2 protein chains.
Amino acid sequence: MPPPARPLEPRSARASRLNTVNASTALLTDRYELTMLQATLRDGTAQRRSVFELFARRLPEGRRYGVVAGVGRLLDALAEFRFGQVELDWLREAGVVDEDTIQWLADYRFSGTIWGYPDGELYFPQSPVLIVEGTFAESVILETVFLSILNHDSAIASAATRMITAAGNRPCIEMGSRRTHEGSAVAAARSAYIAGFAATSNLEAGRTYGIPTTGTSAHSFTLLHDTERDAFEAQVRALGPGTTLLVDTYDIPEAIRTAVEVAGPELGGVRLDSGDLVALAGEVRRQLDDLGATSTRITVTSDLDEYAIAALAAAPVDGYGVGTALVTGSGAPTSGFVYKLVSREGTGGEMVPVAKKSKDKVSVGGRKSALRRRDAAGTAQAEVIGIDLTPVHDGDDRTLLVELVRDGSRVHHETLDDARERLRTSLAELPATSRQLQAGEPAIDTVYEERT
Amino acid sequence: MPPPARPLEPRSARASRLNTVNASTALLTDRYELTMLQATLRDGTAQRRSVFELFARRLPEGRRYGVVAGVGRLLDALAEFRFGQVELDWLREAGVVDEDTIQWLADYRFSGTIWGYPDGELYFPQSPVLIVEGTFAESVILETVFLSILNHDSAIASAATRMITAAGNRPCIEMGSRRTHEGSAVAAARSAYIAGFAATSNLEAGRTYGIPTTGTSAHSFTLLHDTERDAFEAQVRALGPGTTLLVDTYDIPEAIRTAVEVAGPELGGVRLDSGDLVALAGEVRRQLDDLGATSTRITVTSDLDEYAIAALAAAPVDGYGVGTALVTGSGAPTSGFVYKLVSREGTGGEMVPVAKKSKDKVSVGGRKSALRRRDAAGTAQAEVIGIDLTPVHDGDDRTLLVELVRDGSRVHHETLDDARERLRTSLAELPATSRQLQAGEPAIDTVYEERT
């Protein structure tokens, strides 16, 4: 596989370009948010100060931790959450809300404050991943777009992190674009990069986020040519002997012989996309070595997930290309985040914790704080959530919430490499066994602290 | 639940607005497509006439049929597949391909012909869902964006159709936006509508595709108010007594009493979002009837999938709101479509069928035709695929491929209601048992016809 398209460099927090053509994200919203807005504008509760919390009741079955991703995209989406003429005209034409509500939306700017777990942080059941403080009106209408972004991006990052862990020091390449919605594909590449993937096949992800792009070639390229040799010669002529040749279109041993004849022993790599990869990798390695191509790398693809990657640990494989399992969250395509009102202004101006009592879906009222309790060795012990108080920090602990938006202005700007580094550090804090693939309980317990 | 925002009306084939800001879809592409292009431009094979086929090797485990969706979006994406200055500059800056290739891309317009199964058609293993005929160069670079769209949209439509079947005559509402990527959410609403869903919660889907939008209210709305009664009064005042009240924030029987007191017996509906819905629906129905609210409808939500919907068949439920299971394809989040070269021009100008021999991934060479064999009663018997020939049509059969693009121009324009109707008809052709939810083999066999 060729080196990444461009060297790793600090990533700027660029505005996501994968939005609607008119750039507004305001209609990526469920209708009920606007009708609730209308009702509260009429009865005066719209202006009550409110605290919304975004959290997951549980992790997907068997998962030991979750990985936050999408915060940067969420902040981009907030900046574009504006009701312009196109949106307002449509709301009026479709009769979604009344004229007073439309006028209110025309002036909409979020003026509140948002705290959150940043990209690359781990989360556990009930972790207050996002806390939105503002009026009810300005906060409630952000529910859908915030959930969409974090539910998707964190699901991909969580699966991707398990793959990276299984791969050890071998690089993983994200190549799942074709298996998911074309917009999700770009976001999935971003999540995979945060998790530690080396590169993506997706060009738009390269352009939008500066993620290195890479690729080999398809079976169609070999089939287009009259012979496999013609195809290899064309590829080497165009891309140099450092390229990666796909060797399983016809007969693999013959393809390897041809590949080394064409590119010489400095052939960059070969890709295997079918068959029993464990056995095959060993055979291909021996053949390459016998032909003097001792530094030619072996990349495997073909429906890999974290378990298949782990099963290849002892095989002489140099890199993994991962597609379907990555972009579908490897069995957990969404994160289960919800967005709940946990506190709001009462009639006397005081803040009142609130919680629903729905069966099996009880929520915990009150404004939360959070820290990761660590022992003196730096190993995580518990997720400590303070209810309307800040948990006592004992020196070894780590505060989890960072300020993202203050009084309507974005104050959090990070590169994707910052998020990558945070994830590496956060993972290293976990008890070692909980970084393995085996199903189990969350790696650490969630503990509440509240006033007595 | 209130009536849809606007009456069903013929849907125009509007351009999707959920693209990149500069509207180009050209970089929703894997890097290897452009490097293969470069290699073939150099050795002259780029101009070889080629036939690519998009198909699924198999259906997801246990599924009896698949539903095609995304064709309209694919044609929109093709129209926007243009390399403008932004794309070309980035490709140059990132060193993806050489200057000759960049010049070729600057002039890119697809000039070939595309045939396909239209939106709402059923498909089976090996069905030639899309056939792209053009030069290798102009066809190979469409691989990723075509696969992304059809893999996603068809996965959602396939799951949605099972839900519609399970729901019988009761309406289903799509409300899964928050559980999936914000762009996927809009496409998922489109797929669900094709499958027969009555409406969506997603406003952008309303604007882009004219799908009816609807909604109720959230628990946060009740919690915002000092009492549940205050919340119900505010909602009824703003939206009228025909609105749907959410009654499970605190105590359900008390909420029902309050709801009918506030709205009167003409209360439009109540929504249940938690608990044992089968038992609960019966209790709520009895209570509503006792209070004289005999026409008040009961809508249930809470993590429904096709099995949960089926289990509610005997309960007095009037409608289903479906979220997570729908937008994640109910266990099958992607369709497994691949895009393979099946025929290409040889040195003498003749077309040569081609197929790879990779273990477990053998493909079938040759340009395909397809028809659904039906008996005299109109029941589907087999999916007949002709290889380099048109299968004999016996009068009861139905031709499946329609021309979508001819010599680069789009010739297929349909409304979503056309697709809805096609799906209804196609489903009705299946043997009755294969429309049920039980896992099984594909409803009909796939049969090849080829020259002897």
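All values reported here derive from a predicted model rather than from experimental measurement. To find a chain, count down the sequence lines: A is the first, B the second, and so on, and within it residues start at 1.
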Can you tell me how far the CG atom of N151(A) sits from the OG1 atom of T180(B), to the nearest 0.5 Å? 9.0 Å

Okay, A355(B) and chain A: the region with an atom under 4.5 Å from a heavy atom over there is backbone

Of I149(A), D230(A), V236(A), the largest count of non-hydrogen pairs under 4.5 angstrom with chain B goes to I149(A)

As an exercise: rank T101(A), D276(A), D248(A) by heavy-atom pairs under 4.5 Å with chain B and give me the winner. D248(A)

Give, as side chain, backbone, both or neither, the part of L34(B) having an atom under 4.5 angstrom from any heavy atom of chain A. side chain

Please determine, among A234(A), A218(A), G275(A), A185(A), the option with the most heavy-atom pairs under 4.5 Å with chain B. A218(A)

Quick one: of S201(B), A205(B), A39(B), S274(B), who has the most non-hydrogen atom pairs under 4.5 Å with chain A? S201(B)

Using heavy-atom distances under 4.5 Å, tell me whether F52(B) contacts chain A through its side chain, its backbone, both, or neither. side chain

Show the numbers, then the answer: is there a side-chain hydrogen bond (donor to acceptor under 3.5 Å, both in side chains) between T213(A) and R31(B)? CA-CA 7 Å; T213(A) 61; R31(B) 180 181 169 108; 3.0 Å; yes

Under a 4.5 Å heavy-atom cut-off, does chain A meet the side chain of R237(B), its backbone, both or neither? both

Begin from the C-alpha positions of R178(B) and E33(A) and carry the test salt bridge (Lys or Arg N to Asp or Glu O under 4.0 Å) through to its verdict. CA-CA 12 Å; R178(B) 61 191 55 199; E33(A) 287 151 42; 3.7 Å; yes

Check whether any side-chain heavy atom of L239(A) sits under 4.5 Å from a side-chain heavy atom of Q38(B), and report yes or no. yes

Check each atom of D273(B) against the heavy atoms of chain A and say whether the ones under 4.5 Å are side chain, backbone, both or neither. both

Are the side chains of D30(B) and M175(A) in contact, using a 4.5 Å heavy-atom criterion? no

Given a strict heavy-atom distance threshold of 4.5 Å, which part of S302(A) is in contact with chain B: side chain, backbone, both, or neither? both

For the residue pair T144(B) / S177(A), report whether a side-chain donor-acceptor contact shorter than 3.5 Å exists. no

Report the option among E143(A), R42(A), R344(A) that has the most heavy-atom pairs separated by less than 4.5 Å from atoms of chain B. R344(A)

Rounded to the nearest 0.5 angstrom, the CE-OG1 distance for M36(A) and T222(B) is 9.5 Å

Chain A: which of T40(B), V97(B), V140(B) shares the most heavy-atom pairs with it under 4.5 Å? T40(B)

Distance-only donor-acceptor check, side chains H225(B) and D43(A), under 3.5 Å: yes

Verify, without hydrogens or angle tests, whether T334(B) (side chain) and R179(A) (backbone) share a donor-acceptor contact under 3.5 angstrom. yes

For W90(B) and G206(A), work out which heavy atoms get closest and say how close. CZ2-C, 3.4 Å

Minimal non-hydrogen separation, N202(B) against L27(A), with atom names: OD1-O, 4.1 Å

Quick check: closest heavy atoms across V354(A) and L223(B), and the distance to 0.1 Å? CG1-O, 3.7 Å

From L246(B) atom CG to Y32(A) atom OH, the distance as rounded to the nearest 0.5 Å: 9.0 Å

Compare all side-chain heavy atoms of Y339(A) with those of S220(B) and state whether any distance is below 4.5 angstrom. no

Do the side chains of S50(A) and L224(B) get nearer than 4.5 Å, heavy atoms only? yes

Below 4.5 Å from any heavy atom of chain A, which atoms of F221(B) appear? Answer side chain, backbone, both or neither. both

Taking the side chain as every heavy atom from C-beta outward, state whether R73(B) and H181(A) have any pair of such atoms under 4.5 Å apart. yes

Heavy-atom pairs under 4.5 Å with chain B, option from L41(A), T328(A), D153(A), T45(A) with the top count: T45(A)

T324(B) versus chain A, the contacting section by heavy-atom distance below 4.5 Å: side chain

If you count heavy-atom pairs under 4.5 Å with chain B, which of L203(A), V327(A), L341(A) comes out on top? L203(A)

Taking it one step at a time, do D89(B) and R207(A) satisfy salt bridge (Lys or Arg N to Asp or Glu O under 4.0 Å)? CA-CA 10 Å; D89(B) 286 349; R207(A) 182 175 76 98; over 6 Å; no

